[in-house]
Amino acid sequence: MKSYTKDHNTYKQLVESFSLSDNQQATEYTTIDGLKGFKVICPMCATSRPHKCAKVFPKRVQDYNGDYPFKWFYLCKGDSSCSCSGLHSFEYFVR
């Protein structure tokens, strides 16, 4: 869990950096797995959907070695024309 806590703080800073203004700051929520994620306004479709329609959250995913490390995901439920619409790895969203 130490890596999750360290990652959580890092991702919190990243999420806060792409929040557009003070009234659009990310809010923390608890995922179904009991982990902390963030509800945010998608910066790609923020002009058409000014409410928090995206989430950044961790999930354990099996890797090639059979381990279950935490991976971070980005889920946008905004416009279907948004380039980030749907579930993606956080790395994909940043690119």
Side-chain angles (χ1 to χ4, degrees):
M1 285 303 253
K2 285 184 180 182
S3 66
Y4 162 72
T5 305
K6 182 179 142 192
D7 287 349
H8 179 267
N9 292 334
T10 303
Y11 280 93
K12 183 177 183 177
Q13 291 174 351
L14 284 170
V15 166
E16 288 174 351
S17 72
F18 66 76
S19 296
L20 302 173
S21 67
D22 288 340
N23 63 344
Q24 297 177 342
Q25 289 296 318
T27 56
E28 227 174 77
Y29 79 101
T30 303
T31 67
I32 196 167
D33 299 330
L35 303 170
K36 298 288 184 185
F38 306 97
K39 290 182 181 180
V40 298
I41 295 173
C42 179
M44 302 301 177
C45 59
T47 56
S48 61
R49 298 233 181 201
H51 62 281
K52 294 178 180 166
C53 61
K55 294 180 180 180
V56 176
F57 61 94
K59 186 150 185 72
R60 285 185 179 256
V61 180
Q62 186 176 14
D63 64 7
Y64 296 110
N65 298 329
D67 296 330
Y68 287 87
F70 288 104
K71 303 255 184 201
W72 284 78
F73 292 93
Y74 183 84
L75 174 64
C76 176
K77 292 185 177 181
D79 288 340
S80 58
S81 62
C82 177
S83 60
C84 291
S85 181
L87 180 66
H88 303 284
S89 69
F90 191 78
E91 291 81 14
Y92 173 84
F93 163 73
V94 170
R95 280 187 294 197

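Below, each value reflects all heavy atoms present in this structure, side chains not excepted, and no hydrogens, waters or symmetry copies. Computed from a predicted structure; not experimentally measured.
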Distance in Å, [X] [atom1] paired with [Y] [atom2], rounded so as to fall on 0.5 Å steps:
X: Lys77; Y: Ser85; atom1: NZ; atom2: OG; result: 10.5 Å
X: Phe93; Y: Trp72; atom1: CZ; atom2: CH2; result: 13.5 Å
X: Phe70; Y: Asp33; atom1: CZ; atom2: CG; result: 8.5 Å
X: Leu75; Y: Lys39; atom1: CG; atom2: NZ; result: 11.5 Å

TODO: Step by step, work out the side-chain contact (heavy atoms from CB on, under 4.5 Å) result for Leu35 and Phe57.
DONE: CA-CA 8 Å; Leu35 303 170; Phe57 61 94; over 6 Å; no
- [ ] Measure across Val56 and Tyr29 and return the closest heavy-atom pair with its distance rounded to 0.1 Å.
- [x] O-CE2, 4.4 Å
- [ ] Taking all non-hydrogen atoms of both residues into account, name the closest pair between Val40 and Ala26 and its distance.
- [x] CG1-CB, 3.5 Å
Task: Lys NZ or Arg CZ of Lys59 over Phe73 ring: under 6.0 Å, within 45° - done: no
Open item on the list: Please evaluate residues Cys42 and Tyr74 with respect to the criterion side-chain contact (heavy atoms from CB on, under 4.5 Å), reporting the C-alpha separation (whole Å), side-chain torsions for both, the decisive distance (0.1 Å), and the verdict.
Closed with: CA-CA 10 Å; Cys42 179; Tyr74 183 84; 3.1 Å; yes
Task: OH (Tyr92) with more than 12 external heavy atoms under 6.0 Å - done: no
Task: Val94-Phe38 co-clustered via ILVMFWY side chain contacts under 4.5 Å - done: yes
Task: Distance-only polar pair, side chains of Lys36 and Thr30, donor-acceptor under 3.5 Å - done: yes
